[in-house]
**Q** 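Here it is, the structure, as structure tokens.
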Amino acid sequence: MNNKKHYISDAMKLNGGFELSDLERARLELSETQRRLANKHYIPPGDRAENISRQDAIDQLHETLGMTQEKPAMTKEQAIAELQQTQKKLATKHF
């Protein structure tokens, strides 16, 4: 039996769209206030990594790694020449 529990972050609960009791809302706001006071570099709830979508995270990773640059398209002749070079290299290697 698979028991999968979905985790909803406190920041998402505070941003709205959830039915929260007054006690739970007060608890969440208190924890946010404590974070704000304790941390020199406070990150607002909406900007935390736990609230980013998977696609946004992948796009940010690709941007960080410099993978957003597309390779220039090869002409047919360039592709054939590169293929021939690779075949020559493979033919001269001894396994």
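Excluded from the calculations below are hydrogen atoms, water molecules and symmetry mates; all remaining heavy atoms, backbone and side chain alike, are included.
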**Q** Could you measure the distance from the CZ atom of R27 to the CD atom of E32? Nearest 0.5 Å is fine.
**A**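 Atom-to-atom, R27:CZ and E32:CD are 10.5 Å apart.
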
**Q** With rounding to the nearest 0.5 angstrom, report the CD to CD distance, E77 to E82.
**A**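 Answer for the CD-CD pair, E77 versus E82, is 13.5 Å.
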
**Q** Within a 6.0 Å radius of atom CG on L23, are there more than 12 heavy atoms belonging to other residues, nucleotides or ligands?
**A**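 No.
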
**Q** Would you say CD of Q78 has more than 12 non-hydrogen atoms from neighbouring residues, nucleotides or ligands within 6.0 angstrom?
**A**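 Yes, CD of Q78 has more than 12 neighbouring heavy atoms, counting only those of other groups under 6.0 Å.
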
**Q** Kindly determine whether T92 and K88 satisfy side chain to side chain contact (heavy atoms under 4.5 Å, CB included), including the steps that lead there.
**A** CA-CA 6 Å; T92 59; K88 286 179 187 177; 5.5 Å; no

**Q** State the CD-CG distance between E29 and D22, to the nearest 0.5 angstrom.
**A**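 It is 10.0 Å, given to the nearest 0.5 Å.
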
